[in-house]
Amino acid sequence: MTLSTIATLGAALSLLIGSGFVLVGVVGLLKFDDPMTRLHAPTKVGTMGIGMLLLASLLASLAKGEPSIHELLIMAFLFVTAPVSANFIAKVTIHRRTCETPPAPQKDSTWSTLDTPDT
Amino acid sequence: MTSADGLFEIALIIALIALAAGQILSMARLVIGPTVADRILALDTMVINALGLIVVLGIYQGVKVYFEVALLVAMLGFVSTVALARFILRGDIIE
Amino acid sequence: MTHWIILPIVLPAFLAPFIVLAARYHIGIQRVFSVAGVLALIGLAASLVWQVSDGSVIYYRLSNWAAPFGIVLVGDRLSTLMVLLTAVLALFVLLYAIGSDWDKRGRNFHALFQFQLMGILGAFLTGDIFNLFVFFEILLIASYGLMIHAGGNERLRAGVQYVLFNLIGSTLFLFALGALYAETGTLNMADLAVRVQGVGPEETAGIRIAAVLLLLVFAIKAAVVPLHFWLPSSYAEAPAPVAALFAIMTKVGAYAIIRVYTMIFPPELEATAGLFGVWLLPAALVSLAIGMIGVLAARKLDRLIAFSIIGSMGMVMIAISLFTPEGIAAALYYIVHSTLAGAALFLIADLVRTGRGNLDLTAQPPMAGTYMTAGLFFVGAIAMAGLPPLSGFLGKLLVLDASYDSALMVWVWAIVLGASLISVVGFARAGSVVFWKALGTPETAPVEGTQRPSTLSYAAVGGLFALLIAHTVFAGKVHGYTTEIAAELFAHDTYLSTVLDTPGKLSDAKEGDH
Amino acid sequence: MSLFLLVALPFFGALLPGIMNSAGRSACAGVTFTVSLAAFVGLLTNLPAILAGQTVMARIDWMPELGLNFTLMLDGLGFFFALLILGIGMLIIVYGRNYLSREDNMGEFFTYLLLFQGAMVGIVMSDNILLLLVFWELTSLASFLLIGYWKHLAEGRQGARMALTVTGMGGLSMIGGMLILGQIVGSYDLSVILQNREAIQADPMFLPALILILLGCFTKSAQFPFHFWLPHAMAAPTPVSAYLHSATMVKAGIFLMARMWPVFSGTPEWFYLVTSAGLITMVLGAVIALFKHDLKSLLAFSTVSHLGLITMLLGTGTAFGALAAVFHILNHATFKAALFMSAGIVDHEAHTRDIRRLGGLRHLMPVTFTIATVAALSMAGIPLLNGFLSKEMMLEEAHHTVLFGSHWLVPVMATVGSLFSAAYCFRFIGHTFLGPVRDDYPHKPHDPNAGMWLPPALLAVLVVVIGVAPFLVQDFVFLVAKAVMGDAAVLKTKYIKIWHGLTPALYMSLIAVFGGLAVLMLFKPLSKIWETTPRPEAKVIFEAMIAAFVRLSQVLTHPLHNGSFTRYAMIGVIAMIAAGYHAYATGTVAAPVRAIQSAGPVPIAGWAMLVAATCGLVIMHRQRLLALILIGIVGLMVSVGFVYLSAPDLAMTQFTVEVVTIILLLLALNFLPNQTPVESTTLRRTRDAVVSVAAGLATFGLAYHYLLRDFIDPSISEFHLANSYKGGGGTNVVNVILVDFRGFDTFGEIIVLGIAALLIYALTEALLNGPVRRRLLNRVPDQPRSGDMHPMMMVVVTRVIMPVVLLVGFYIFLRGHNEPGGGFIAGLIVSIAVVMQYMASGFSWASARLKYPYHGVIGAGVLVAGLTGIGSWFVGKPFLTSDFTYVRIPPFYKFELATAALFDLGVFLAVVGAVMLSLESFSRLARRADSAENEHPMDIDPSRAVSAEGSTDMKEGN
Amino acid sequence: MELLVASAIGVLTTAGVYLTLRLRTFPVILGMSLLTYAVNVFLFASGRLTIGAPPILSDGATTYTDPLPQALVLTAIVISFGMTAVVVMISLGAYLGSDDDHVDDPIEAAGSEVRK
Amino acid sequence: MVRVYNWLFPHPLLTLILAVVWVLLQNDVTAGMVVFGIILGIIIPRITAVWWPDRPKSFRMGKMFTYSLMVLWDIVVSNIHVAWIVITVPNAKLRPAWIVIPLDVKHPEAITVLAGTITLTPGTVSADLSSQGNSLLVHVLHTDDPDAVRDDIKNRYERRLLEIFS
Ligand code: NA
Ligand code: NA
């Protein structure tokens, strides 16, 4: 088994794992019956799914003998931005009162999203 | 073509189908809703799935230049999610 | 290769950002540069006209790539004439805008004005069909800005419709271009003309659809019924100098039709035979009728003039859709006439607005400057209604004369003459109500905000009339020239060979021109 | 005098009265008179040539290609008319000077009068029928101004419009007729046309030409059924009536019939049309005239009647008829002008023209009485006055005329006409001047000053002189008649004399005169019958017709142009589909030559997504935010599709544009309603759906057609692929096309963007400075707002990734020439990076840190791109010619320096500037007055609380 | 593949035209956007469809997709972006002035001077 | 020397990130690329310096590195865990919960990293911050013992972050 074959097999495996996680993520998105729980499924499993797909890409290029690492960059961007998206969607849910009301914070008076002086 | 390549090919096709199915399922969530948060979430998921799709297409077609596209999606995809959410939260997305 | 031909495009393209950059807050400086720019444009245009007046064709390879691979500009007698007409019109419109302070009533008037000119001139000069699209978009988007200049809700609401309709037009343009490219694999107009010859009789549907869609695009610009609906409100609501400048915009459509349907899809082309004759001429006739009926029906002066523009475009299109040298020559003569007359009328309407505050065709007390304005309106109405002695009459004679051999001759004559009568009645009614009836109406305190128009405003209108009179007096010369243009359009070998045979960058032959 | 000068004199002279207006009324009239006199003298200088039987010609080419030239000709006929026009014109000028009051603008009056005079002279001297048309229509215009001179009078305005409408219509149809005539002959020169009698009469287009030209003549000369406009033109000041309706305007139609007589007469068409119209007009006019109480109306209808007479004579087509016509033209001009002026004097003095309020003026105005009586008796056909002579000739001609197979129709009608003519003449004299002096005149009348009565007196003298000594004018009349007939007929006998013996004409004449007296005796009962008889009132009918036309035009115009964009769009789309289908249906289609490429599951899924999102968008478009999300998905799918189909540049652009567009639409949606209400009916939606589906099928068909077929010739893009690296220095062919092959398009494209931004900025300014400002300031959010304007996570993340995004933007920019990317995408990336800051930390905080004036950035971008283009000039190359070179600077690898990169920099700057200026403008609208300027990037920051105990509440203050 | 692309163009056009015929500015603008997608894809397709061969010159590759329509579509995307921004702004301005976001302007129907 | 260093590298971490990103972008590690990346890493922070007025004063890069590795590992583990939950646990049996995490970290950067870590680790989402920034609201997908989750987060992540951003 050459390095290329190993990389190819690894890439294939990564592809399968990655796409599996992607599927699980969207299944969760469809399956869960509460907006907040739904939020868990894709933003998390997505990271793993895409991560594995990117790993597959990395390995595939390695297998072709043209090593490539810039896939890491995509991963980095996703890691930085995904929490922001999730945070905002959660805020929307809280703001729209479409979820169970969160418990009061311990130190401060309320949650920032609900802290609306103009209502 | 070695067996590894064959396996890889199959894995690629499975991945593509999985991603495509993922898109369709996300779309279903978008249509169902019911809350606006769900819809934004579905869009966000679809953007990330699309990113995956582009990456896998790049491998599948053997074209490296799709990297820049994927990079852009990763870098800027969240902006529309944030903008939509901000719209719900504040109305003014720039204030 | 000289750079003359690109200067009319580059000059406003530089002037506009310069005005934005350097003189954003100084209306005086803006005015000086704007007028100077237009004067320079007139000079450039005149020089271009002079250069091609011997029948030669000026050709310019942008980026130095030979046609059809790069974009080329082509100046022949037709395009340079249109360039000159635009530049001259622009001068008087600009003077009016300055004289009436319209340019102060919103931001960026002069920059948008220059961009508008750039778009129009580019559309006339380009030899590439996609580049034509780009210039259409430039002239359109600048026109959106000018149309809603100074704001106001009525104007904005009309502006929404204007923009939306033109967006449909732009979409159609792209469909047409896609079809054209998919069929021929080229975008250069000369190359298209050559390639289209190769369409075999076994498959003509594709090229026919492309040709027709393209025609519809231009017909929208030319306000041919039933694609004219965008015009009345936009022209009526646009600031007067802008509406006056728009008088050339409909002609861009007419120009494009002349260019494309004499060169790329000439009447004798087998593949596209029988395509326009069936309905273009009837549509033009209906346009004329609808326009002049609208003149009679109008309840406001600005809409009256807007409808007269539709009617005059109907005349132009009647002449064009004969697709004979006589018809084209007549159309070109009429184009010059109706551009000047239409522009002048819009400016006169603004004189009325300045004097009495509104344009309703109802009896109101005499306005400031009524005699002067009334006299100008009378002249403008004569011109637009096609009465002697002004060029509208001559143009009408030319159109009638050219259509004598047409199969639809009776229709053409009946509608042209009937429409003239309707417009005469319409203009007479309007003028009589606005200017004469006023004298029988008791005087009241002047409406707030009304004033006597400035001398410069009058001078601008007078200038347009002077041109109109020159167009009448030298009708023989002008018509002789348009006849030559028409002949050149129907025998465009010089155009084709100049464009297609001149080598450029990486062409096999060596560059011979510098 | 040169004919040109002769025609031009009145026109150029027309500039003078306006100038002289301030110099006083007499100066004004004086200069006008001088102009006319000069023209008159100039005309007389041609008399010897005319008398010698010559035709004076002059020619200047005007539009030779069309055949419209300034060709003038002066023969006997033209001379005759010119003489009348100028001669009577001078008299009218004198009369008018005295007639008009101080309130009337004399300069304006005489300007119009001279314009009219010039146009009339032009008509009678034109050799070119198109030129004649020019003057013809000019008389309509000038008469419009003259009739409407008293603008404050509704009758004046209406009369003017009516005259213009009717004569204008005639003029327009005459254009048609003249053009046909010219096409038949091959020349528009009268002198040529008149030589082609046979050719013209044999041509199938003869009848249309004849009818069209006669329409012009009849309307101008007020022939039945177009006679109605003339009486209403009497609202004009009397000098105008006297001029227009005696010698000039109405005679233009007669002139033209006389002028065209050689080519038209002698055909049955001409005979029946012209004779019957003339006959009817003659009788009708005379009968109506009798019962008119307004002096000018009476004269007006008498004019109608006499014009009918002349027309009838011309219609007979005989030499004698023509001779009689010419003679009567002369006579009518003299007595009718005198009568109008007399009527004007009466009106001027007594302040009324109503015959019923007059009578007995003989004693108060003896001079006027004498003049009017002489002229009226002449008109009645009393011997020793000129009217008698020509009327005798008319009756003689009528006696010989057989119309519709009847020998008695014409003679009887002619006699009846003459009878009524005599009757109204007697009434004019009797009811105005005879009888006892009354004491209830609106104003005590007396004879006017000589300036007013001399002109009619002169004419009265002519009436008598010609009547007594016809031989004085006989030769001249013969000369004119010959000019009328040309070669078409030969004049055999000399007929003009007072006594012919006991001819039938004499008996008819006697019947007419005595019958006329009898009718006047019976005037009261007849008048009662007339008043009680219902008859169509021309003016009412005309006004109703015009009103109906206006209403019709409004019905046709307004509902069609009702401001409904949806309708406009619908019609437009249908037109496009129809035209496209027509083109397709009339073309041929061969079998496809390209094979269909198979599609795997991914494209099918992508397609399904796209279709689902699109359909979802249509179904759910009323929820606007949801619609935005869906359109985002459509855009996303299109981007992915572009990737799949090998277009990475497109995918990147599409994606970034999508992001910016969504931001933009959200900014706008903030102000707009969030829901679209249901307003259209199911029927309407169904109709829209049908049209949409048709459009969709059309584009589907078109796309599918092309996708399965090849270019007719290989695409020019093969050259681009082959030369992109060699000549453009880049391996990304799309980018090389954008910045090099078709860089000019890109130059235009950034200008479009720049203009868009300028426009948006300008409109924002206009809105913020206009009435909308208040509304914006008081805007209440249409949905509850959450707390935490500038969430911490967002702020931190955006500030971290901004430098990285900028770096990526730079990378994309640099790579663009060789890999997907380029200035445009880089510009969008950078813009989005900045917008992220705006979104995270707010407008004021971000803009306080971004001090670039976006106007300047746009301007700089356009200038950089443009200057790059111009740069090539300095190496002698055309605009935008690119150049590139490879350099090596250790430790860097090979670098490419390309002017295209500089151009792309311009693109980059313009894009950044445009996007930012637009978004900034939008967000400026949203800034309410109470928006606090946040001095910190985020609202919640516990570290601030730690570092500075105390004031940590950075919440917005509302 | 061809059928998918062509029918996608058709579907986008159908939806675009339908929304363009709506009564309020916002859906009309969305309709215009869909039409823009449709025409961009159409223009792109005028170079025919090629999978996996982007127009980036590289040593090994022999076939490339047609780059010219791509360049044209890029120009078209940019231009229609500018146009969209403009029409959004103008219709927003019109809405703010009259509190009415109908595209139809019925005041004109009443005879144009009623609007005062 | 220090001044020169400070002038060149106002934000050394950013310079490093940019240089790395540049090299990653080029997908090619050559000296030229690295040098160019460093140059950009010097220029861009200067351009963007105005955007971060209150940067944390110290930052321990080494600890951050180990922290990142740990989080990566946690992500992988939790992913499998959550995937299992998604597939096997029916909605009725799912026990989601809100937990409130009182914060000891004060720096916005630190809080953001903590919140991001929580979100990236499957099973938990950081949803909101309290009005003064002293508590973090976290949603847990499925747990029987919310307090344990809270303690786990505080111990495993926040403690380390306190050290990193000291
Ligand atoms: Na809203
Ligand atoms: Na988590």
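Lettering follows sequence order; numbering is per chain, from 1.
For the residue pair D/Thr699/E/Thr13, the side-chain donor-acceptor check at 3.5 Å is satisfied.
Among D/His621, D/Arg775, D/Glu819, the residue making the largest number of heavy-atom pairs under 4.5 Å with chain E is D/Arg775. The candidate with the highest count of non-hydrogen atom pairs below 4.5 Å against chain E, out of D/Asp649, D/Leu753, D/Val911, D/Leu650, is D/Leu650. With chain E as the partner, the residue from D/Asn735, D/Ile750, D/Val660, D/Thr614 showing the most heavy-atom pairs under 4.5 Å is D/Thr614. Counting heavy-atom pairs closer than 4.5 Å to chain D, the top residue among E/Thr84, E/Leu34, E/Ile29 is E/Leu34. Ranked by non-hydrogen atom pairs under 4.5 Å with chain E, the options D/Val734, D/Val915, D/Leu702, D/Val736 are led by D/Val734. Here D/Trp607 is the residue among D/Trp607, D/Tyr725, D/Phe565 with the most heavy-atom pairs under 4.5 Å with chain E.
Contact annotation for D/Thr557: neither backbone nor side-chain heavy atoms come within less than 4.5 Å of a heavy atom of chain E. Interface remark: D/Leu610 contributes side-chain atoms only to the contact with chain E (heavy atom separation under 4.5 Å). Proximity to chain E involves both the backbone and the side chain of D/Val733, based on heavy atoms less than 4.5 angstrom apart. Residue E/Tyr18 touches chain D through both its backbone and its side chain, counting heavy-atom pairs closer than 4.5 Å. Residue contact with chain E, scored on non-hydrogen atoms closer than 4.5 Å, involves the side chain of D/Val573 exclusively. D/Ser598 touches chain E through its backbone: at least one of N, CA, C or O sits under 4.5 Å from a heavy atom, while the side chain does not. With a 4.5 Å cut-off on non-hydrogen atoms, D/Ile755 does not touch chain E at all. At a 4.5 Å heavy-atom cutoff, D/Pro559 makes no contact with chain E through either its backbone or its side chain. D/Arg624 touches chain E through backbone and side chain together, each having a heavy atom under 4.5 Å away. Neither the backbone nor the side chain of D/Ala722 comes within less than 4.5 Å of any heavy atom in chain E. Heavy-atom distances place the backbone of D/Asn818, and not its side chain, under 4.5 Å from chain E. The contact between D/Leu645 and chain E is made by backbone and side chain atoms together, counting heavy-atom distances below 4.5 Å. When heavy atoms are compared at a cutoff of 4.5 Å, D/Ile604 approaches chain E by way of both its backbone and its side chain. Proximity to chain E is limited to the side chain of D/Val772, based on heavy atoms less than 4.5 angstrom apart. Contact annotation for D/Tyr644: both backbone and side-chain heavy atoms come within less than 4.5 Å of a heavy atom of chain E. Using a 4.5 Å cut-off between heavy atoms, E/Leu72 contacts chain D through its side chain alone, with no backbone atom that close. At a 4.5 Å heavy-atom cutoff, the contact between E/Val28 and chain D is made by side-chain atoms alone.
With hydrogens and angles disregarded, no donor-acceptor distance shorter than 3.5 Å links the side chain of E/Glu2 to the backbone of D/Tyr704. Side-chain atoms of D/Glu749 do not come within 3.5 Å of backbone N or O of E/Val78 as any donor-acceptor pair. Checking side-chain atoms of E/Arg22 against main-chain N and O of D/Thr566 turns up no donor-acceptor pair under 3.5 Å.
Remark: D/Ser724 OG to E/Tyr64 OH distance equals 9.5 Å, nearest 0.5 Å. The line from CZ of D/Arg687 to CG of E/Leu21 is 7.5 Å long, rounded to the nearest 0.5 Å. For the atom pair CZ of E/Arg24 and OG1 of D/Thr676, the computed distance is 7.0 Å after rounding to the nearest 0.5 Å. Taken from CG in D/Leu665 to CG in E/Leu30, the straight-line distance is 6.5 Å, to the nearest 0.5 Å. E/Leu57 CG to D/Lys726 NZ: the interatomic distance, rounded to the nearest 0.5 Å, is 12.0 Å.
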message: If you apply the rule side chain to side chain contact (heavy atoms under 4.5 Å, CB included), what do you find for E/Leu68 with D/Phe741, and how did you get there?
response: CA-CA 10 Å; E/Leu68 187 54; D/Phe741 289 109; over 6 Å; no

query: Would E/Ser46 and D/Tyr706 count as a side chain to side chain contact (heavy atoms under 4.5 Å, CB included) if you check the C-alpha gap in whole Å, the side-chain angles of each, and the deciding distance to 0.1 Å?
result: CA-CA 7 Å; E/Ser46 71; D/Tyr706 283 124; over 6 Å; no

query: Please walk me through it: do D/Arg684 and E/Leu23 pass side chain to side chain contact (heavy atoms under 4.5 Å, CB included)?
result: CA-CA 11 Å; D/Arg684 195 200 150 103; E/Leu23 294 167; 3.8 Å; yes

message: Walk me through whether D/Phe642 and E/Phe44 qualify under ring-ring contact (aromatic ring centres under 6.0 Å, His included).
response: CA-CA 9 Å; D/Phe642 282 144; E/Phe44 171 75; 5.1 Å; yes

